[in-house]
Asker: 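One structure is given below, represented as structure tokens, and several questions about it will come after.
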Amino acid sequence: MADISLNNVLINGANTADSIAKSWDNTWQDVLGVSGSPSGATLYSVLCWVGTLFAVGSLLFLVIELYKDLNEGKPTALSSLVWPLLVAFLLSNNGQVLAQSTLELRDIINQANSQVIAITMAGVKLDELYQEANGNIGLQSLISNTMRACQSLTGEAQLQCMNQALAQSQEIVNNYKAVFGDRSWLDNIQGFLDGITSAVTGGGIEMGVFGLLKPLWMPIVVSVLYWMQMAYQNLLEASLIITALLGPIAVGGSLLPYGPKAIFAWLIGFFSVGFARLCFNIIVGLASVVATSSEGRDPFWFALFAGLFAPLLASSLAGGAGIMVWTSIAGAVGRSLKTVFGAAIRGGMV
Amino acid sequence: MNMIFSLNPTSRRFWCRLLPLGLGAVITASVAIQPAQAGIADLLGDSLFGDIYSSLVSFFPQIIAVDQWISLLEDSINDPCGVTPILFVTPSEPGWCTTATDIFGGNGSVTSILQQVVGELGIPDVFQARSTIQQKLNEAGETPDIFLANPQVYGIQLGNLEDRIATSLSAKTVLSEAGQTQMKDEIQQSSAVVQSILDTSNEAQSYDNTQDVVKALARINAQQSVTTAMNHVASLRNRQDTQFTNLNLANISRSLDEQNRDLQARSTVDSVLLLNLTAQSHLF
């Protein structure tokens, strides 16, 4: 393990996370065509063209409705005239205004997220707590690896092997202490190491070693869970981009005079995805408080939590919230239509 | 003395039976063994003390062989990288000739350790070599191998490698081209010695003033020398067989070490994978 500089791995890991975030930023700029994209049709401009087709189609229905209203002498809602102007404004110039607005919306979501991540629990930020929980898992896996080789040896060779493994483990723990400071979960592992060291000095190996030795399959399974978690985080980002790309079509379809406006559905969808991310960060952040507490000795449940259960929970929470909002908006539109029609009818009677 | 010269009928029958057997052995040996070369027999010439003579010369080739074997082994140890890779345990194995690590000092290979522990006979002391390797690694507290972090386990593997090197060097002294040439010389030498004994024995039969018993003894000793020579050839063949066995044992040892190493390396790879993932994973 001498050749693997732990500090470098930990610091490089943070850089990798930053670069992932940056690469998503760049993807956003490229996809929405606001990064000074090269000449020729961008994805967003193509979708704006489709959105315009939708708008034109919807406009026909709107005009028919207006004509019918005027013919029947009904008062025309002002919004009916405002919407076409708004849609034209948003979709003009390859949807530049809409793209910028979408990016602003994303910024809002990002800001909310950053604020949640920066919340402190017991003096430590959620994000840092999360990294500590990860560090706990990584550290235990490394220590287990240093000791695994000794389990096939016997007698003096095994004691020598354990001595070497303990020295290396201590070095690894010191590295982690340098990065994370003096933490209770590190004290736990230090306690295990001290116990085993004194037993080995006395010429034996105590049961404490089973607190540190993990099964061979564990790193693989936990790695898969981490991949699932990362995939979920990236999936949310990708969902946001896909939703953003559907923006022009939703705006175009908003001219349809029937039912609630499509743009509201789109906005709710967009914020729902953002809300899923927010939920995920909160759930995982709070779980990491427990995973790094002095009571949480084996932190491997955290990987299962963050990789499988938290995504399920966050998605269902966000989905449920989105549906609730959508239903209430649909209800509100229905009520407002009723009100408008009611007023019109009353006005007609008067 | 009279008793000896006037042999009773039983004794005569015994000699009568033995004589054709002895002659048969002589004829067989003459056909099988190459023509005599000028050798030690010439120096001893007409001596009739065949028993002393034959027992001396039958040991002589073996002593020469051990010397030559040692010199071949020394050559191999001093120039292990010049070995034509005819063996499965080839110089491609890590630490054979390539610089393995600074931990060992010198040119850093396991072979350099073997050279340091050569004993009085010029043969490396494999036990000392193993403990030297283990000691140096344990003192260093680290390994040059990123897959095997533990010096104790790495030392065991390098110790096995060192044993395999010693085995294959030893096998090389027998099975290599030079080893085969040496063995051929040895066989020729012993056949020459046997031939000269037979000649001396034949000569003794023609001496007029020699007592019959002494002549018979000379004949018997000649037959014994043939038997000894045959034993010697058989032991040479045994040495070859043993080296082939050793070579295969070394290969089995290597395969087992590789399996063991694979297990350790897999564990390390998995742990480092998880370490990297835990370091990269962030909330965003």
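Sequence lines set the chain letters: A, B, ... in the order given, protein chains first and strands last, and positions in each chain run from 1. The shown structure was predicted, so the numbers you read here are calculated from the model rather than taken from an experiment.
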Asker: Is there a side-chain contact between P151(B) and Q168(A), using heavy atoms and a 4.5 Å cut-off?
Answerer: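 Touching, per the 4.5 Å side-chain cut-off.
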Asker: Go through the steps to decide whether L275(B) and S141(A) satisfy the test side-chain contact (heavy atoms from CB on, under 4.5 Å), and finish with yes or no.
Answerer: CA-CA 8 Å; L275(B) 169 73; S141(A) 160; over 6 Å; no
Asker: Which one wins on heavy-atom pair count under 4.5 Å against chain B: S144(A), A167(A), G138(A)?
Answerer: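 The answer is G138(A).
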Asker: Counting only heavy atoms not in F147(B), do more than 12 fall under 6.0 Å of its CZ?
Answerer: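 No, because the 6.0 Å sphere around CZ of F147(B) holds 12 heavy atoms or fewer from other groups.
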Asker: So, taking the atom named CG in L139(A) and the one named OG in S271(B), what distance separates them when rounded to the nearest 0.5 Å?
Answerer: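 L139(A) atom CG to S271(B) atom OG measures 11.5 Å (nearest 0.5 Å).
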Asker: Side chain, backbone, both or neither: which part of L216(A) has a heavy atom under 4.5 Å from chain B?
Answerer: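 When you check distances to chain B, atoms from both the backbone and side chain of L216(A) fall under 4.5 Å.
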Asker: Tell me if a side-chain donor or acceptor on Q131(A) pairs with a main-chain N or O of A279(B) at a distance below 3.5 Å.
Answerer: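 No, Q131(A) side chain to A279(B) backbone: no donor-acceptor pair under 3.5 Å.
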Asker: Within the structure provided, determine whether C150(A) and Q152(B) are in side-chain contact (heavy-atom separation under 4.5 Å).
Answerer: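 SC-SC contact between C150(A) and Q152(B) ruled out.
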Asker: Do N113(A) and L283(B) make a side-chain contact, defined as non-hydrogen atoms from C-beta onward lying under 4.5 Å apart?
Answerer: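 Sidechains of L283(B) and N113(A): no contact.
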Asker: Is there a side-chain contact between V153(B) and L153(A), using heavy atoms and a 4.5 Å cut-off?
Answerer: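 The answer is yes; the side chains approach within 4.5 Å.
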Asker: Using 0.5 Å steps for rounding, measure from the OG atom of S152(A) to the CG atom of N260(B).
Answerer: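 Answer for the OG-CG pair, S152(A) versus N260(B), is 5.5 Å.
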Asker: Quick check for you: among N163(A), V284(A), D127(A), which has the greatest number of heavy-atom pairs under 4.5 Å with chain B?
Answerer: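 Of the candidates given, the most pairs with chain B belong to D127(A).
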Asker: Flag the one option from K214(A), R148(A), M147(A), M162(A) with the top tally of heavy-atom pairs under 4.5 Å to chain B.
Answerer: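 Among the listed options, the one with the most contacts to chain B is R148(A).
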Asker: In Å, rounded to the nearest 0.5 Å, how long is the span from CD of Q280(B) to OG of S19(A)?
Answerer: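 Separation between the atoms: 8.0 Å.
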Asker: What pair of heavy atoms forms the shortest contact from Q229(A) to S281(B), and how long is it?
Answerer: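 Between these two residues, the closest heavy atoms are NE2-OG, 3.2 Å.
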Asker: Is there a side-chain contact between H282(B) and N134(A) in this structure, where contact means two heavy atoms from C-beta onward sitting under 4.5 Å apart?
Answerer: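 Not in contact.
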Asker: Do you know which of L274(B), L277(B), T278(B) makes side-chain contact (heavy atoms from CB on, under 4.5 Å) with V222(A)?
Answerer: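 Looking at L274(B), L277(B), T278(B), the match for V222(A) under the side-chain contact (heavy atoms from CB on, under 4.5 Å) is L274(B).
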Asker: Please classify the contact of A165(A) with chain B as side chain, backbone, both or neither, using a heavy-atom distance under 4.5 Å.
Answerer: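 Both backbone and side chain.
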Asker: Between Q158(A) and chain B, with a heavy-atom cut-off of 4.5 Å, which part of the residue counts as in contact: side chain, backbone, both or neither?
Answerer: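 Contact with chain B involves no heavy atom of Q158(A) at all.
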